[in-house]
Asks: 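Mind looking over this structure? Questions follow.
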Amino acid sequence: MTIENQIKSALVQAFNDLYNSVIDEKILQLQLTRKDMKGDYTLVVFPLLKLSKKNPVETGNDLGAAVLKLCSDVSSFEVINGFLNLTLSHAYWIRALQVIGGNETHGFKSADAHSPLVMIEYSSPNTNKPLHLGHIRNNLLGFSISRIAQVNGNRVVKTNIVNDRGVHICKSMLAWQKWGQGQTPESTGLKGDHLVGNFYVKFDQEYKKELSELMAKGLSKEEAEAQSTLMHETREMLLKWEAHDPEVYELWKTMNQWVYNGFDVTYKNMGVDFDKIYYESDTYITGRDMVFEGLEKGAFYQREDKSIWCDFTAEGLDEKLLLRTDGTSVYITQDIGTAKLRFDDYKIDKMVYVVGNEQIYHFKILALLLDKLGFDWGKDLMHFSYGMVELPEGKMKSREGTVVDADDLMEEMVNTARAMSKELGKLDGYSEEEAEKVYKTIAMGSLKYFILKVDPRKNMTFDPKESIDFNGNTGPFIQYTYARIQSVLKKAEDKGFEIPSQVNTNVGLGVKEVLLIRMLANFPQIIAEAGSIYSPAIIANYTYELVKEFNQFYHESPIAFEEDADVRGLRLQLCKVVGQTIKNAMWTLGVDVPERM
RNA sequence: GGUCUCAUAGCUCAGCUGGAUAGAGCAUCUCCCUUCUAAGGAGAGGGUCUUAGGUUCGAAUCCUAAUGGGAUCACCA
């Protein structure tokens, strides 16, 4: 039984004894005491006054005295402003620290064969251009919530649906055919995804040019779009592709492979991976079959021009196109197919889609659509919708060249970390290789933490200057504290001091020490909360608070230099557990911690 | 226009199911390396929590409305 439950049941009993009133534990508001007040747990007594029929001070004192008697771990209490603050004994906290220290994965639940299976889709890139800052947020969130789901006792399958077909892919293919002059990643020295991206941009430029020429002849924008040769050729290419025209198909395979090779590098640098990858080129046919199936069943209808639609006006939404007039698939067609294949492949209990909030409508439709097709899991799919990443100047616009490229950004972060570290002379004595590894750890830690610390649902501003700052509420600050702890522990070891297996529970604790242990004891709740709402930010902010407290403690208390052996033993134990907790917390964010920095 | 979302310090963000004096970081200004890593610590200034109502012992938090941003409603993805 946790201490909170002990206190609560004591309160229930006390209430019964004192006021002859039976209460439910649920109405007891027991929370951790504010940092600036004396005490460990606080009971808000206001809601209880109607039942106690006494004023807040009397009620608080009555209950405090009773709990003091009933709970041996409670050592004192105080009533202030209608709040009953309970203080636990130092011996209790020392024992708690001991227990946490004995469990390397304190706060984590492990999954077994019967645990729920959660499939998490993230990344889902298009194979027509390299990954950018927006994808970074998606990838980091997807990877982190996978780990968070995992440490909350779920079986997790990380998945990726690669959007490798469609008009947008044909655009870069067509541009390469027309203007590529046989360029390859080898011949240009470019990363494959960047090379293909260049042709996508090229297409857009040429298309714009064509449109403005047509409009100069007096055509309206719509007319120009309809008459565009480039767009016409693109659609023809899509038809050819769907018909598996050998030439088009070969080109498609080749260019996609270039992109995959490029993505592999980016994913590796980012430190994310997948258990199962689906390709739209494999799933859209299943999707199309299901659309026809739905048509037969009468769930959908066909217009005169042969296009197939689903009517959602009864649900307060619009009509949705499922298959074009020319029979080719649209975005949502493949999503239906992908869902079907996934549920055929795995016994999924929960499906999570990590996709930006601009697609809320899309997923609402998808859920209804799957429901209409008779899949009982349709309604239960979860769209983990996160906010957009904006730059200080505003939204990223590819046309204005303000898109922050993922590869460039990561490289720049590493360069900054290297320069900073060299300037500070932090890694003197490390080999070049070891040092490079640390630079990368810091750079990625900085980037990941910067993005994950903000509430996923909210839009965020990404200021490159700020993201590269390694002081304050940043990844490197947390990593630094971890490294510092390792250094202290090493120092102690060098002096022959060991962490005792059993710390003397009579040692007096400082205010900061109690606070730290309290925070450590609270870690499981943080993990559980992060799991219930899929929020890495909760863990990030918790870790920052923990680290900040630790640094204050570090500054005011000698650890390896402490002369009293009992006190020293306790502090070393505390250091070890804080370090362990930092490492575990950062692990859920996909952030590594260095032993030295 | 319909729907959805957001609004907290100069800037970037925390403040969870209502609780004590609204917190951090950055930026500005002071201090602290003859003790375990100064990528650190201490301190100062900086707020009508967008506005107006409501709910109640108690509201940044819940409800309603207004204002201002953003998203979305494609034979784009």
Side-chain angles (χ1 to χ4, degrees), chain A residues 29 31 33-37 42 44-47 49-50 56 80-83 85 124 126 128 163 166-169 235 280 303 305-309 316-318 320-326 328 330-332 334-335 356-362 364-365 385 387-388 390 392 395 417 420-421 423-424 426 442 446 450 453-455 457-463 465-467 469-474 476-481 483-492 494-495 529 532-533 535 537-538 540-541 544-545 548 551-552 554-562 571-572 575 596-597:
Chain A
Q29 288 187 46
Q31 48 204 230
T33 303
R34 281 172 46 137
K35 236 168 52 176
D36 49 345
M37 308 294 285
T42 294
V44 187
V45 303
F46 291 109
L49 302 180
K50 270 182 230 151
I80 300 170
N81 297 336
F83 296 88
N85 296 330
S124 311
N126 293 332
N128 61 348
N163 300 116
V167 269
H168 56 299
I169 308 297
R235 284 201 207 92
E280 192 183 319
R303 290 188 183 169
D305 62 6
K306 294 272 197 287
S307 57
I308 298 176
W309 297 73
L317 303 169
D318 292 297
K320 182 75 186 172
L321 175 84
L322 303 178
L323 221 51
R324 293 193 186 100
T325 303
D326 64 5
T328 56
V330 290
Y331 184 52
I332 203 158
Q334 60 83 22
D335 259 327
N357 63 10
E358 75 271 14
Q359 293 192 32
I360 288 176
Y361 183 77
H362 172 81
K364 205 180 261 182
I365 294 268
S385 92
M388 326 201 68
E390 286 166 17
K395 292 178 65 173
M420 186 94 66
S421 183
E423 191 187 317
L424 295 169
K426 289 286 186 178
I442 295 167
S446 176
F450 188 85
K453 76 175 173 187
V454 333
D455 186 337
R457 291 171 312 218
K458 291 188 180 168
N459 287 358
M460 66 174 292
T461 306
F462 184 90
D463 186 343
K465 282 198 295 277
E466 214 177 300
S467 73
D469 191 348
F470 295 164
N471 303 314
N473 188 359
T474 65
F477 170 64
I478 292 167
Q479 293 172 318
Y480 174 73
T481 309
R484 200 179 219 184
I485 288 170
Q486 302 321 303
S487 169
V488 173
L489 292 175
K490 187 165 181 314
K491 187 78 65 177
D494 290 348
K495 290 177 147 213
E529 199 187 334
S532 71
I533 59 168
S535 175
I538 290 178
N541 287 313
Y544 174 63
E545 291 296 325
K548 218 163 41 133
N551 276 319
Q552 289 167 15
Y554 172 92
H555 267 271
E556 66 192 33
S557 316
I559 300 163
F561 286 166
E562 169 61 37
R571 288 181 182 167
L572 285 172
C575 274
R596 220 183 107 180
M597 72 181 267

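Chain A is the first sequence line, chain B the second, and so forth, proteins listed ahead of strands; every chain is numbered from 1.
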Asks: From the set B:rC36, B:rC26, B:rC76, return the single nucleotide nearest to any side-chain atom of A:N471.
Replies: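 Output: B:rC26.
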Asks: Can you tell me if A:R324 touches the phosphate of B:rA77, counting only side-chain N or O atoms and a distance under 4.0 Å to OP1 or OP2?
Replies: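 Checking B:rA77 against A:R324, a side-chain N or O does come within under 4.0 Å of OP1 or OP2.
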Asks: Using a heavy-atom cut-off of 4.0 Å across all strands, would you classify A:S421 as base, sugar-phosphate, or nothing?
Replies: base
Asks: Please enumerate all protein N or O atoms sitting under 3.5 Å from an N or O of nucleotides 10-14 of chain B, with distances to 0.1 Å.
Replies:
unit_1: B:rC13; atom_1: OP1; unit_2: A:T461; atom_2: N; d: 2.6
unit_1: B:rA14; atom_1: OP1; unit_2: A:D455; atom_2: N; d: 2.7
unit_1: B:rA14; atom_1: OP2; unit_2: A:K458; atom_2: NZ; d: 3.2

Asks: May I ask you to evaluate whether A:Y361 reaches the phosphate of B:rU72, defined as a side-chain N or O under 4.0 Å from OP1 or OP2?
Replies: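 Result: no.
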Asks: Distance check needed: B:rC32 P versus A:E556 CD, whole Å only.
Replies: 19 Å
Asks: How is A:Y544 classified with respect to the nucleic acid when contacts are heavy atoms under 4.0 Å: base, sugar-phosphate, or nothing?
Replies: sugar-phosphate
Asks: Report which part of the nucleic acid A:K395 touches: base, sugar-phosphate, or nothing (heavy-atom distance under 4.0 Å, all strands).
Replies: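 Sugar-phosphate only.
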Asks: Using atom CZ of A:R596 as one end and atom C1' of B:rU37 as the other, report the distance to the nearest whole Å.
Replies: 10 Å
Asks: Looking only at side-chain N and O atoms, does A:T328 offer a donor or acceptor that is under 3.5 Å from a partner on A:R324?
Replies: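 Indeed, the side chains of A:R324 and A:T328 share at least one donor-acceptor pair under 3.5 Å.
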Asks: What is the distance, rounded to the nearest whole Å, between atom CD1 of A:I478 and atom P of B:rG40?
Replies: 12 Å
Asks: Can you tabulate the close N/O pairs, meaning under 3.5 Å, that link protein atoms to atoms of nucleotides 42-47 of chain B?
Replies:
unit_1: B:rA42; atom_1: OP1; unit_2: A:Q552; atom_2: NE2; d: 3.0

Asks: Rounded to whole angstrom units, what separation is found between the NZ atom of A:K364 and the P atom of B:rC4?
Replies: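 Value for this atom pair: 7 Å.
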Asks: What is the separation between atom CG on A:L322 and atom P on B:rC76, rounded to the nearest whole Å?
Replies: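 That distance rounds to 14 Å.
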Asks: When the P atoms of B:rC11 and B:rU28 are compared, how many Å lie between them, rounded to an integer?
Replies: 16 Å
Asks: Under the salt bridge (charged side-chain N to carboxylate O under 4.0 Å, His left out) test, which residues partner A:R457, sequence neighbours left out?
Replies: A:D455
Asks: If you restrict it to nitrogen or oxygen atoms, what contacts under 3.5 Å exist between nucleotides 20-23 of chain B and the protein, and what is each distance?
Replies:
unit_1: B:rA20; atom_1: N6; unit_2: A:T42; atom_2: OG1; d: 3.0
unit_1: B:rA20; atom_1: N6; unit_2: A:N85; atom_2: OD1; d: 3.1
unit_1: B:rA20; atom_1: N1; unit_2: A:N85; atom_2: OD1; d: 3.4
unit_1: B:rA20; atom_1: N1; unit_2: A:N85; atom_2: ND2; d: 3.3

Asks: Please state the P separation for the pair B:rA22 and B:rA9 - nearest whole angstrom.
Replies: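 Taking atom P in both B:rA22 and B:rA9, they lie 14 Å apart.
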Asks: Partners of A:K548 by salt bridge (charged side-chain N to carboxylate O under 4.0 Å, His left out), sequence neighbours excluded?
Replies: none
Asks: Between A:R457 (CZ) and B:rC4 (P), how many Å, whole number?
Replies: 17 Å
Asks: Base, sugar-phosphate, or nothing: which does A:I533 touch, judged by heavy atoms less than 4.0 Å apart?
Replies: nothing
Asks: Without decimals, in angstroms, what is the distance between A:D318 CG and B:rG1 P?
Replies: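 Value for this atom pair: 17 Å.
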Asks: All N/O contacts under 3.5 Å from nucleotides 54-63 of chain B to the protein, with atom names and distances to one decimal?
Replies:
none

Asks: What's the closest nucleotide to the side chain of A:E358 if the choices are B:rC76, B:rC36, B:rU72?
Replies: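 The listed nucleotide nearest to A:E358's side chain is B:rU72.
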Asks: Is the closest side-chain donor-acceptor distance between A:H362 and A:D335 under 3.5 Å?
Replies: yes
Asks: Yes or no on ring-ring contact (aromatic ring centres under 6.0 Å, His included) for A:F450 and A:F462, after CA distance, side-chain angles and deciding distance?
Replies: CA-CA 9 Å; A:F450 188 85; A:F462 184 90; 5.4 Å; yes
Asks: If you look at every strand shown and take non-hydrogen atoms under 4.0 Å, does A:S124 touch a base, only sugar-phosphate, or nothing?
Replies: nothing
Asks: Identify whether the distance between the nearest side-chain nitrogen and carboxylate oxygen of A:K465 and A:D469 falls below 4.0 Å.
Replies: no
Asks: For A:A483, report the nucleic acid contact type (base, sugar-phosphate, nothing); a contact means any heavy atom under 4.0 Å.
Replies: base
Asks: Which whole-number value in Å describes the distance from A:N357 CG to B:rC4 C1'?
Replies: 10 Å
Asks: With a 4.0 Å cut-off, would you call A:R34 and A:D36 a salt bridge?
Replies: yes
